[in-house]
Colleague: 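Please find one structure pasted underneath; my questions will follow.
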Amino acid sequence: MKKTFLSICLLAAMAVSAQTIDRIEPLSWWTEMQLPLTVMIHGTDLQDAQVSIQKREGKKLKATEGLVVRGQHNAESKNYLFVDLDVREAGEYVITLKKGKKTAKVNYTISNRREGSRNRKSYTTADVIYLLMPDRFVDGDPTNNSHPTTLEKGDKANIHGRHGGDIQGIINSLDYIKSIGATAIWPTPLTLDNEPGWSYHGYACADYYHIDPRFGDNELYRQMVKLAHEKGLKFIMDMVPNHCGLAHWWMQDLPYQDWIHQFSTYTQTNNVFTTSYDVNASKYDRNINDSGWFDTHMPDMNLDNPYLLQYFKQWAIWWIEYADLDGLRVDTYPYNEKVPASDWCKAIRNEYPHINIVGECWTRPTSEVAYWQADHNNYDGFNSNLPTVMDFPTEEAIRAALSSDGKGWGNGLTRVYDALTQDYHYADLNNLFTFIGNHDMEHIADVVYNNDLRRVQLAITMLATMRGIPQIFAGDEYGERSADMQYGHSGLRRLLREPETKQEKDLMAYHAQLFNWRKRNDIVQKGRTMHFISRDNTYCYFRYTNQGCIMVFINASEENREVPVSHYKEMLDKFGYQGVDVLDGSEVELREGLTIDGLSSMVIELKK
């Protein structure tokens, strides 16, 4: 049987001793890191143990100044010890814990930090993020659909069960992901989720440092990132500091009783993010938002505990360094205690100044989302240090605009215009995550009026040409529908498949062509926006820089519409009345009488 990473790291305790060590986290570390290192050691009766370190040189252990103990801290549980370490030199070390006549030892590796690691680049508006749910994506290795160490076994017939998608499936799909115009991959969590049911989603973590064996292992994860990089694809890790799963190993023996939030009876979060900034909010409501559990099987972590906060800082940094990641996504960001969560982001950005972190702040209106973006001018002086937020208001507007025939005052694409009028709230428009669907929502094809894929195409057009960092959800590129929406979250997802109908194939070709064009166009990536309102279910906007201009005209009506060219004089006089259709390369002359078909769009690169 292949040894796990952890079994390689750990030495067995001496046979004559009742004292043992079964875990040390982080699993390893590096030289030249900014964050001080505190390892959490778990075993049997570790409280007040004396800690010493030797360096392994060949078969010998020698005294060392390469890794030095600078402090140690007991937890409330006698089975933990937190040890502060001063990292000075790479090498293989042995940490010894001695208590009376009992000793236990554990190996620990310090590596040299990879060259250029601190200045790694991240995802920007030049990128297109491809979001996938690994278990419901591609089954690349059917042999790992079940695993002897996990409670839930593979069962594709169970809509709530494990369907077999895995890391090998992602590796096998890298060329496909690149071909449809994506430049970065965001999988939902791949770390161990060992709940007895509904574990496919991965958000109830049972081990923050190990990949779920039904997906693969740590080394395969690292190999996947390396292969993605070789193909020019960036990689983003989904992290959940707000909650773990009931199956997490520490739930049997918490280091501190306030490691998680606990109540006399089960208390769920009230989902009221406004308590973080509402001047009228009660402490009671704020506490329930921050401390209530996300679900019955998801204990709420207490980031106010300094040892837990340090643990999570190291966890994020460890994965970035170990796997050579390009960025992070943070689940349920406003559920965390906001000040330590801000500290968490700051520590990561201090280690990697250019790395991007996007937070799921699922709220509206725009002013409330903007509160969570770094450097926003908040009335209370709070700075989240979270560079990027997910643009839920625009997502909601696009879906609402396309879910009806658009008739009636304030309906249709007017909703999208109204959403963008709120852009002044954001501290940085370039650091918005724009999207038309994700793993928690019905597919866009489920919600558009009459399930018409032409409306999905309009949504894709807007996503590809608006400000921000676009994210597409797996399957939306060909108009996938949810498996069975009556089953809630489980029924929304199915394994990736080949497009079947001509409409699906045409939609995927359109998606690939438009997003591949976007990758090469600085104007649409970096430009400012000017938009024009209408009341006929059309929408026109321009993306422009000093170097040029892109004109986008959307007709979400089923009728042909005349393009009101004279309305756009202030932009066309500057950038020209002629252009090139970015999809077919044809010349376009913008003149009175120009019409556009129903349920279609134009994307035109203007030229003088």
Side-chain angles (χ1 to χ4, degrees), residues 23-42 67 70-73 75 80-87 108 110-111 113-114 117-120 122 189 191 205 207-210 236-244 248 250 254-256 258-261 290 300-360 372 374 382-388:
R23 289 181 184 271
I24 183 168
E25 294 176 343
L27 303 183
S28 59
W29 205 245
W30 296 266
T31 59
E32 301 179 23
M33 303 297 278
Q34 303 297 305
L35 186 71
L37 175 62
T38 297
V39 295
M40 182 178 77
I41 305 175
H42 181 260
L67 185 63
R70 54 183 173 81
Q72 64 184 75
H73 316 274
Y80 288 85
L81 194 65
F82 292 87
V83 182
D84 304 326
L85 298 174
D86 188 4
V87 178
Y108 205 73
I110 301 294
S111 301
R113 191 173 187 179
R114 69 174 77 237
S117 170
R118 175 171 170 76
N119 293 316
R120 69 183 62 233
S122 195
T191 46
C205 186
D207 188 325
Y208 284 99
Y209 280 96
H210 288 90
I236 300 166
M237 192 174 205
D238 200 336
M239 293 197 155
V240 193
N242 178 70
H243 52 266
C244 68
H248 195 287
W250 60 36
L254 291 171
Y256 296 88
D258 70 351
W259 195 253
I260 63 170
H261 291 116
D290 293 353
D300 195 80
M301 308 309 301
N302 178 19
L303 298 188
D304 283 324
N305 181 300
Y307 295 102
L308 177 63
L309 182 58
Q310 176 72 5
Y311 178 95
F312 277 144
K313 289 175 182 177
Q314 293 175 159
W315 159 62
I317 290 168
W318 187 88
W319 275 109
I320 294 169
E321 196 71 26
Y322 170 79
D324 200 18
L325 298 173
D326 303 290
L328 303 177
R329 181 262 183 182
V330 190
D331 189 60
T332 58
Y333 189 82
Y335 292 93
N336 294 289
E337 294 82 6
K338 70 179 187 180
V339 173
S342 169
D343 229 12
W344 182 76
C345 290
K346 185 177 182 180
I348 297 167
R349 297 270 290 174
N350 185 50
E351 201 74 63
Y352 306 99
H354 307 298
I355 205 157
N356 209 340
I357 309 170
V358 60
E360 180 196 32
W372 297 102
F382 172 70
N383 189 339
S384 71
N385 291 303
L386 176 72
T388 300

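Computed from heavy atoms alone, side chains included, the values below leave out hydrogens, waters and symmetry copies. Just so it is clear, the model here is predicted, and its values are computed rather than measured.
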Colleague: Quick one, V330 with W344, criterion side-chain contact (heavy atoms from CB on, under 4.5 Å). Give me CA distance, side-chain angles, the key distance, then yes/no.
Modeller: CA-CA 11 Å; V330 190; W344 182 76; 3.5 Å; yes

Colleague: Under a 4.5 Å cut-off applied to non-hydrogen side-chain atoms, are M301 and C244 in contact?
Modeller: yes

Colleague: Taking the side chain as every heavy atom from C-beta outward, state whether P26 and V39 have any pair of such atoms under 4.5 Å apart.
Modeller: yes

Colleague: Should N383 and K346 count as side-chain neighbours, where that means a heavy-atom distance under 4.5 Å?
Modeller: no

Colleague: Below 30° counts as parallel, above 60° as perpendicular, anything between as tilted: where do the rings of W318 and W30 land?
Modeller: tilted

Colleague: Could you give the distance from CD1 (I348) to CD1 (I357), rounded to the nearest 0.5 Å?
Modeller: 4.5 Å

Colleague: Can you name the nearest heavy-atom pair linking R118 to N350, along with the distance?
Modeller: NH1-O, 2.5 Å

Colleague: Could you grab the distance from atom CZ of R329 to atom CG of N356, nearest 0.5 Å is fine?
Modeller: 13.5 Å

Colleague: Working to the nearest 0.5 Å, report the span between CZ of R349 and CG of N385.
Modeller: 8.5 Å

Colleague: Would you say V240 and C205 make side-chain contact, with heavy atoms under 4.5 Å?
Modeller: no

Colleague: How close do D326 and I355 get, counting heavy atoms only, and between which atoms?
Modeller: O-CG1, 3.9 Å

Colleague: Look at the side chain of Y108 and the backbone N and O of S28, then say whether any donor-acceptor pair between them is shorter than 3.5 Å.
Modeller: yes

Colleague: Which atom pair, heavy atoms only, marks the closest approach of L325 to L328?
Modeller: CD1-CD2, 4.4 Å

Colleague: Might you work through the side-chain contact (heavy atoms from CB on, under 4.5 Å) test for M33 and V87, ending with a clear yes or no?
Modeller: CA-CA 9 Å; M33 303 297 278; V87 178; over 6 Å; no

Colleague: Determine the minimum heavy-atom distance between R120 and D324, stating which atoms define it.
Modeller: NH1-OD1, 2.7 Å

Colleague: Rounded to the nearest 0.5 Å, what's the gap from CD on E337 to CG on N242? Could you check?
Modeller: 7.5 Å

Colleague: Taking the six-membered ring for Trp, are F312 and Y208 closer than 6.0 Å centroid to centroid?
Modeller: yes

Colleague: Can you see which heavy atom on Q34 is nearest to which on E351, and at what distance?
Modeller: N-OE2, 2.6 Å

Colleague: Classify the ring geometry between H73 and Y307 as parallel (under 30°), tilted (30 to 60°) or perpendicular (over 60°).
Modeller: tilted

Colleague: For the pair W315 and M239, evaluate side-chain contact (heavy atoms from CB on, under 4.5 Å) and give the outcome as yes or no after the intermediate values.
Modeller: CA-CA 10 Å; W315 159 62; M239 293 197 155; 3.5 Å; yes

Colleague: Is there a side-chain contact between F82 and Q310 in this structure, where contact means two heavy atoms from C-beta onward sitting under 4.5 Å apart?
Modeller: no

Colleague: Just to verify, which of N302, L308, D300, L254 counts as forming a side chain to side chain contact (heavy atoms under 4.5 Å, CB included) with I260?
Modeller: L254

Colleague: How far does OG1 of T31 sit from CG of L67, to the nearest 0.5 angstrom?
Modeller: 11.5 Å

Colleague: Any side-chain heavy atom of E25 sitting closer than 4.5 Å to one from D207?
Modeller: yes

Colleague: Mind checking whether H261 and D290 have side chains closer than 4.5 Å, heavy atoms only?
Modeller: no

Colleague: Please check if the distance between the ring centroids of Y80 and W259 is under 6.0 Å.
Modeller: no

Colleague: What closest approach, in Å, do P340 and D304 show between heavy atoms, and which atom pair accounts for it?
Modeller: CG-OD1, 3.6 Å

Colleague: To the nearest 0.5 Å, what is the distance between NE2 on H243 and NE2 on H248?
Modeller: 12.0 Å

Colleague: Can you confirm whether T191 sits close enough to W319 that some side-chain heavy atom of one is under 4.5 Å from a side-chain heavy atom of the other?
Modeller: yes

Colleague: Please work out which of the three classes, parallel, tilted or perpendicular, describes the rings of W372 and Y333, given edges at 30° and 60°.
Modeller: perpendicular

Colleague: Any side-chain donor-acceptor pair under 3.5 Å between E321 and S117?
Modeller: yes

